[in-house]
Amino acid sequence: MVTVIGVRFKKAGKIYYFDPDNIDTSDAKFVIVETARGVEFGNLVINKREIPEEDVIAPLKKVLRVATEEDINIHKENQSKKAETFAICSEKIRHHKLEMKLIDVEYTFDNNKVIFYFTSDGRVDFRELVKDLASVFRTRIELRQIGVRDEAKMINGIGTCGKRLCCANWLGDFEPVSIKMAKDQNLSLNPTKISGICGRLMCCLKYEHEVYLELKKGMPKDGEVVKTPQGKAVVMNTQTIREQVKVRLIIGEDNGNPVLDEDVSVFKKHEIIRSKRKKPVKKETTETNDTNKQEGTKEQV
């Protein structure tokens, strides 16, 4: 086991582990830590705790100190410079006629580097832009291309549910989402209904997926012939959350084909007995491709 603390550098950002190095962080809210990018100001979200060594990415970097009032003021000053820096960079992009959209600006705590985040449909030759920015800010310049999901996380907004975006307000890291999750939850496969404002599949498809998988165990498929308390029937539809199965009873045969009752009956899942030979009646289905490819950058700390 190893003792660590958890630090965030952005709201709803990924939590990184650091070695507290015998520093008392019990009453701390902010800390100064050493990262691969240099000295950084971070928000302490997990105080000292022991975790297995295999959960830590070695080498574990150390906490330099608990943030002082002076450190907090420096951080606020860096934040206040972002708007002006953003405007200058946007003007330079227009001057060089580059096909790129500036999303955000970030200063490192020690002001040794300014990072510009942007989106673009393809590769961008921004070497002249970097030279211009370096001459203005007289520090190291880094331009980092990000994906549409990271863009939504940085900008924030209102989702189709009417609430602020999960990724920008509390979701620490993106998790893989697939079109199969929408199918398992019997959702419409219309891309406009299951996609977020970033254009990718909504992250919330992941939240209830495990529950649906558990409830769907033993649930018959549409078109499957099953036994019910009232006799054999063909499954017309299933309601996973209610654990109900809608069927039409088989009331006879016509030249070897089943004749179905006009009325639809509803039974609980436990009342249905599935036949050993699960040969569902053919039914038209609609398939869509999974376009939810993970995009974005990995931050190294």
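Fair warning: this is a prediction, and the values are worked out from it, not measured in the lab.
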Distance in Å, Ile194 CD1 paired with Thr160 OG1, rounded so as to fall on 0.5 Å steps = 11.0 Å
Show which residues join Ile251 in its hydrophobic cluster (side-chain heavy-atom contacts under 4.5 Å, direct or indirect), or state none.
-> Val259
Would you please name every residue forming a salt bridge (charged side-chain N to carboxylate O under 4.0 Å, His left out) with Lys113, sequence neighbours left out?
-> Glu142
Partner residues of Glu54 under the side-chain contact (heavy atoms from CB on, under 4.5 Å) criterion, sequence neighbours left out = Pro52
Name all residues meeting the side-chain contact (heavy atoms from CB on, under 4.5 Å) criterion together with Ile51; count only those two or more places apart in sequence or in a different chain, and write none if there are none.
-> Val2, Val4, Tyr17, Arg49, Asp55, Val56
Contact summary for Val66 and Asp71, nearest pair of heavy atoms = O-OD2, 4.3 Å
In residues 239-247, what donor-acceptor pairs under 3.5 Å come from side-chain atoms, sequence neighbours left out?
residue, atom, partner, partner atom, Å
Thr240, OG1, Asn186, ND2, 3.4
Glu243, OE1, Lys269, NZ, 3.2

Which pairs, with at least one residue in residues 87-101 and sequence neighbours excluded, count as a salt bridge (charged side-chain N to carboxylate O under 4.0 Å, His left out)?
-> Glu91-Arg94, Lys101-Glu151
In terms of heavy-atom contacts, Glu271 and Pro229 come closest through O-CD, 3.6 Å
Row check, Tyr117 ring normal vs Lys153 NZ/CZ: under 6.0 Å, within 45° | no
Kindly check if the number of other-residue, nucleotide or ligand heavy atoms within 6.0 Å of CG (Asn73) is above 12?
-> yes
Inter- and intrachain pairs under ring pair (Phe, Tyr, Trp, His ring centres under 6.0 Å), touching residues 180-234, at least two apart = Trp170-Tyr207
Mind listing the closest non-hydrogen atom pair of Pro258 and Ile250 along with its distance?
-> CB-CG2, 4.0 Å
Would you check, one step at a time, whether the test side chain to side chain contact (heavy atoms under 4.5 Å, CB included) holds for Ile15 with Asp173?
-> CA-CA 9 Å; Ile15 297 176; Asp173 203 2; over 6 Å; no
Please list, chain by chain and in numerical order, all residues satisfying side-chain contact (heavy atoms from CB on, under 4.5 Å) with Ser26, sequence neighbours excluded.
-> Asp24
Compare every heavy atom of Glu262 with every heavy atom of Arg248, then report the nearest pair and how far apart it is.
-> NH2-CA, 3.9 Å
Worked check of side chain to side chain contact (heavy atoms under 4.5 Å, CB included) between Lys183 and Leu189 | CA-CA 7 Å; Lys183 292 179 181 179; Leu189 299 184; 4.0 Å; yes
Any side-chain donor near an acceptor of the partner, Asn112 and Asp110, under 3.5 Å | yes
Write out all pairs satisfying ring pair (Phe, Tyr, Trp, His ring centres under 6.0 Å) with one or both partners inside residues 252-273, taking only residues at least two apart or from two chains.
-> none
Test side chain to side chain contact (heavy atoms under 4.5 Å, CB included) applied to Val7 and Asn43, step by step = CA-CA 5 Å; Val7 178; Asn43 184 14; 5.7 Å; no
For Val130, check side-chain contact (heavy atoms from CB on, under 4.5 Å) against everything at least two apart and list the hits.
-> Phe126, Ile141, Leu143
How many angstroms lie between atom OG of Ser195 and atom CG of Leu201, to the nearest 0.5 angstrom?
-> 5.5 Å
Give every residue pair that meets the side chain to side chain donor-acceptor pair (under 3.5 Å) criterion with at least one member in residues 75-88, sequence neighbours excluded.
-> Asn78-Asn111, Lys81-Asn111, Thr85-Tyr107
For the atom pair CD (Glu106) and CZ (Phe9), what is the distance rounded to the nearest 0.5 Å?
-> 9.5 Å
Would you say the side chains of Ser188 and Asn190 form a donor-acceptor pair under 3.5 Å?
-> no
In the single-linkage hydrophobic clustering (I, L, V, M, F, W, Y; side-chain heavy atoms under 4.5 Å), do Phe30 and Ile5 co-cluster?
-> no
Summary of salt bridge (charged side-chain N to carboxylate O under 4.0 Å, His left out) pairs that have at least one residue in residues 125-134, sequence neighbours excluded = Asp125-Arg127, Glu128-Lys131
Cys203 to Val177 - nearest heavy-atom pair and separation | CA-CG2, 4.1 Å
